[in-house]
Each structure stands twice: as structure tokens, then as C-alpha cells.
Colleague: 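Dropping a structure here in C-alpha cells format, bear with me for questions.
Starting from 1, each residue takes its place in the sequence as its number. Nothing here was measured: the structure is a model prediction, and the numbers come from that model. Read the numbers this way: they start at 1 and go in the same order the structure lists the ligands and their atoms.
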Amino acid sequence: MAVSGLRFLIGTVFKVPATTEHASRAYSTSHVFAEVLELPKRQLTKLVFPLQELQRHLAPDMKLNLHLRVFDPSLEDIAKADDLFTATARHRIEYLSSAVRLDHAPDLLRPEVCFIGRSNVGKSSLIKALFSLSPEVEVRISKKPGHTKKMNFFKVGKYFTMVDMPGYGYRAPEDFVDMVEAYLKERRNLMRTFLLVDSVVGITKTDTIAIEMCEEFALPYVMVLTKIDKSSKGYLLKQVLEIQKFVDTKTQGCFPQLFPVSTVTYAGIHLLRCFIANITGNLKANDSRFN
Ligand SMILES: Nc1nc2c(ncn2[C@@H]2O[C@H](COP(=O)(O)OP(=O)(O)OP(=O)(O)O)[C@@H](O)[C@H]2O)c(=O)[nH]1
Ligand SMILES: [Mg+2]
């Protein structure tokens, strides 16, 4: 399929109504998101929609380039997704198991999403941040690259599984290729691969190898830009535009919209939870607008 055709398809599947103006509406939601809704509009946008906040600094003719409206859920949808990431006695969120080979991976039918990227890019930190509403879930992170050595499976109730992968590049485990390639190629319930790129460093040579692999296996994947708290606004904008250009011109299977995140400020984390809830089919079930 031509690139434009594929993009159109992706865009259609994920287009959801834009109703972000209704911040004052009361939601039945966790106290955390209730606090977010109390923030002044600028601060709320910066936290929940960091790409929108960056876009304000672009010239009008550049604004379309960021594909901001491809996934643009309402605050109500975002609140629902937060609830999905909040463990209760009946909705358990927990570490399930680890595997060094695909045939050791838990045999699950529920949808799965995985997180790949260079060692030290922030995969485990991102999963920990996504689970911050359920702090009893133990996700190990480290300053030293090459910390995660196995594929670690975490279940979110009966709804879906998230997989933290070892990093590629510096200090990658020896069996990385056998482990991760086989997983990406053959895991039947894998719904989406999140490919993390360090927003300070940009797309490296090793990232392009991972991107080529995703393209070759025809995997639907999404680019997440990590550590956005580390850069000035100007530098971050430059990096985002460069990476966006790469996605627009050099990829076919990559979701057109980028997801910038910080596990320090939590920018982009609520939106990413909502995206995961959506692609695993867990917003549609409760919301007729998505059917
Ligand atoms: N400033 C900042 N530091 C971050 C962020 N995310 C992760 N880090 C730091 O980056 C380092 C690596 O984080 P990890 O989450 O362990 O990275 P990883 O990709 O899982 O690394 P491997 O398991 O080695 O592949 C840690 O020191 C984190 O504290 C972020 O959003 N902002
Ligand atoms: Mg890790």
C-alpha cells in the first residue's frame, strides 16, 4: 500500500472527536486526574498534551505537520484510561513473569503492547510512570545502561499486557536478537510496539536498525520521545520537527503522531495511557463514539 494510503488508514482508525475544551466538566475519576483538571489551562495542556503546547510556538504554516488531531481524545476519555491503570482488589495490575525466549513468554490471548528502544532510553521508567496510579507494581530502573535483561510481562487486569524489553545498543544482552526479534516477529497478540527515542539525542543509527526491523515485519509502531524535561523548549521543538520529518518521509508503519513524555514531570503520561487503552480496545467497550 502506498504511504499516503496507509497513513489515511491509520488516521481514520484513530480519529476521535476533539472535546478538550470541557475541562470544567465533572468526571467520575481518580483524585489524581481530578487534580489535573483543576490546573490552569496552560499547565494542563503542558502536562496532558505536550505536543499541543509545543505547537503554539510554531509558525501557522508549520502547525499541520505535527498531526496533532490524529489521536485527540477528550479529557473524559483520558480520565477513563487513568481508571483502567488504577489497581483495585478486583482489577489487579501486577508483574506477571519474565522470559528470555519467546517460548517462555506467558501464553496469553489478551492484547499486548511492548516497549523497545536503546538501552537507557527510559523504557522501564516509562512503564513505571504509566503504572504510577498503582505504585505497588514493581518496575526496576537504573542509571546504568543494559539493566533490563529479560522481557518482563505486566498484566493490567484482564484487559491487556505490557512488556518491558531489554534495550538494544550499548550493553544489550547477548541473546537480544534471538529474544526480541523472535518476539516482535511472532507474538500473535502484539497490538502495538512503542519505539522509544531519546528526545535529547534524536534518532541514532541503532534506532534506524530497530525502525527498519519494525518496517520489515510490518509491525504497527508508535514513536515515543523520552526525557523531554531535559531540554529547553527551543531545542525540543527542533528535535520534534526533525523526528516528525523522519516519520513522515521514511516510515510506513509508524503512527503519524509522536508522543513526547517525561517520567520526571509526567508530561504526556496521561495521554499515552489513553492511547494504550484505545488501541487495546478498552475505550471502545464503554464508549459508543468509538464503535
Ligand atoms: N530526566 C529524565 N530522566 C529519565 C527519564 N526517563 C528515564 N530517565 C533516566 O534514564 C535512566 C535509564 O532509565 P531506564 O528506565 O532504566 O532505561 P531503560 O530504557 O529501561 O534501560 P535498559 O533497561 O538498560 O535498556 C535512569 O537514570 C532514569 O532515571 C525522563 O523522562 N527524564
Ligand atoms: Mg529497562
Side-chain angles (χ1 to χ4, degrees), residues 46-51 53-54 85 95-100 105 112-135 137-154 161-181 183-184 192-211 213-214 221-233 235-237 239-240 243 258-273 275-276:
K46 201 171 168 189
L47 176 67
V48 183
F49 305 105
L51 212 49
E53 162 63 15
L54 277 177
F85 278 84
Y95 163 78
L96 206 57
S97 65
S98 299
V100 286
E112 198 157 278
V113 297
C114 74
F115 297 77
I116 64 170
R118 281 189 313 118
S119 37
N120 219 42
V121 72
K123 300 173 291 299
S124 304
S125 304
L126 179 59
I127 292 178
K128 197 179 168 87
L130 291 168
F131 286 152
S132 65
L133 301 170
S134 307
V137 184
E138 203 186 327
V139 188
R140 297 218 176 120
I141 61 173
S142 168
K143 277 190 182 132
K144 285 193 200 144
H147 184 72
T148 308
K149 297 287 182 207
K150 298 176 178 177
M151 303 187 279
N152 296 320
F153 294 79
F154 299 87
T161 317
M162 307 215 309
V163 191
D164 186 12
M165 290 287 186
Y168 47 74
Y170 184 62
R171 294 192 63 210
E174 270 172 27
D175 45 2
F176 177 86
V177 174
D178 291 344
M179 188 185 339
V180 179
E181 260 201 46
Y183 171 90
L184 293 176
R192 198 64 44 120
T193 298
F194 290 90
L195 197 155
L196 277 58
V197 171
D198 188 326
S199 66
V200 182
V201 181
I203 296 177
T204 64
K205 190 129 195 257
T206 41
D207 290 324
T208 60
I209 296 170
I211 291 165
M213 188 169 67
C214 291
Y221 63 104
V222 181
M223 229 176 264
V224 175
L225 311 185
T226 65
K227 310 190 185 182
I228 62 166
D229 56 284
K230 286 177 95 175
S231 306
S232 67
K233 208 174 278 176
Y235 182 76
L236 179 62
L237 195 53
Q239 292 290 87
V240 166
I243 296 169
L258 301 172
F259 284 82
V261 293
S262 163
T263 64
V264 173
T265 64
Y266 281 76
I269 299 296
H270 295 280
L271 187 65
L272 196 56
R273 282 189 195 125
F275 186 75
I276 294 170

Colleague: Restricting to N/O/S atoms, is S142 within less than 2.8 Å of the Mg ion (ligand 2) or not?
Modeller: no

Colleague: Say you draw a straight line from NZ of K144 to CG of N120; how long is it, rounded to the nearest 0.5 Å?
Modeller: 11.5 Å

Colleague: Which of these, R140, K128, K227, has its nearest heavy atom closest to atom 3 (N) of ligand 1?
Modeller: K227

Colleague: Output yes if S125 passes the N/O/S-under-2.8 Å test against the Mg ion (ligand 2); output no otherwise.
Modeller: no

Colleague: Look at atom 32 (N) of ligand 1 and say which protein heavy atom is nearest, naming residue and atom and giving the distance to 0.1 Å.
Modeller: D229 OD1, 2.7 Å

Colleague: Let's go through T208 and I203 carefully: what are the C-alpha distance in whole Å and the side-chain angles of both, what is the deciding distance for side-chain contact (heavy atoms from CB on, under 4.5 Å) to 0.1 Å, and is it a yes or a no?
Modeller: CA-CA 7 Å; T208 60; I203 296 177; 3.7 Å; yes

Colleague: Using distance alone, decide if ligand 1 has a nitrogen or oxygen within less than 3.5 Å of any nitrogen or oxygen in I228.
Modeller: no

Colleague: If you measure every N or O of S119 against every N or O of ligand 1, does any of those distances drop under 3.5 Å?
Modeller: no

Colleague: Name the closest protein heavy atom to atom 26 (C) of ligand 1, giving the residue it belongs to and the distance to 0.1 Å.
Modeller: S142 O, 3.4 Å

Colleague: Under 3.5 Å between any N/O of L126 and any N/O of ligand 1: does that happen in this structure?
Modeller: no

Colleague: Can you tell me if G117 contacts ligand 1 (heavy atom of the residue under 4.0 Å from the ligand)?
Modeller: no

Colleague: If you have a sec, work out which protein heavy atom is nearest atom 23 (O) of ligand 1 and how many Å separate them, to one decimal?
Modeller: T148 OG1, 2.7 Å

Colleague: Using atom types as modelled and distance alone, determine if a side-chain donor or acceptor of K123 lies under 3.5 Å from a backbone N or O of G117.
Modeller: yes

Colleague: Identify the protein heavy atom lying closest to atom 7 (C) of ligand 1, giving its residue, its atom name and the separation to 0.1 Å.
Modeller: S125 OG, 3.2 Å

Colleague: Any N or O on G146 sitting closer than 3.5 Å to an N or O of ligand 1?
Modeller: yes

Colleague: Which atoms form the tightest heavy-atom contact between L130 and F85, and what is the distance?
Modeller: O-CD2, 3.4 Å

Colleague: Below 4.0 Å from any atom of ligand 1, is there a heavy atom belonging to T226?
Modeller: no

Colleague: So, R273 versus S132: side-chain donor-acceptor pair below 3.5 Å or not?
Modeller: yes

Colleague: Among all protein heavy atoms, pick the one closest to atom 30 (C) of ligand 1 and tell me residue, atom and distance.
Modeller: T263 OG1, 3.3 Å

Colleague: Does Q239 use its side chain to pair, donor to acceptor, with the backbone of V200 at less than 3.5 Å?
Modeller: yes

Colleague: What distance separates M165 CE from F194 CZ, expressed to the nearest 0.5 Å?
Modeller: 13.0 Å

Colleague: Would you find a donor on one side and an acceptor on the other, under 3.5 Å apart, between the side chain of S262 and the backbone of T265?
Modeller: yes

Colleague: Name the closest protein heavy atom to atom 17 (O) of ligand 1, giving the residue it belongs to and the distance to 0.1 Å.
Modeller: G122 N, 3.2 Å

Colleague: Between V163 and Y183, is there a side-chain heavy-atom distance shorter than 4.5 Å?
Modeller: yes

Colleague: Output yes when the distance from some N or O of ligand 1 to some N or O of D164 is under 3.5 Å, and no in every other case.
Modeller: no

Colleague: Which of the numbered atoms in ligand 1 are below 4.0 angstrom from a heavy atom of G167?
Modeller: 25 (O)

Colleague: Give the atoms of ligand 1, by number and element, whose distance to some non-hydrogen atom of P145 is under 4.0 Å.
Modeller: 24 (O)

Colleague: Could you tell me whether a side-chain N or O of S199 sits under 3.5 Å from a main-chain N or O of T226, the two making a donor and an acceptor?
Modeller: yes

Colleague: Closest non-hydrogen protein atom to atom 21 (O) of ligand 1, residue and atom name please, with distance?
Modeller: N120 N, 2.9 Å

Colleague: Please list the nearest protein heavy atom to atom 25 (O) of ligand 1 with its residue and the distance rounded to 0.1 Å.
Modeller: K123 NZ, 2.8 Å

Colleague: Taking the side chain as everything from C-beta on, heavy atoms only, tell me whether L126 gets closer than 4.5 Å to L272.
Modeller: yes

Colleague: Would K230 count as a polar contact of ligand 1, with the cut-off being nitrogen or oxygen pairs under 3.5 Å?
Modeller: no

Colleague: My understanding is that only one of N152, T148, T263 makes a side-chain hydrogen bond (donor to acceptor under 3.5 Å, both in side chains) with S124; could you say which?
Modeller: T148

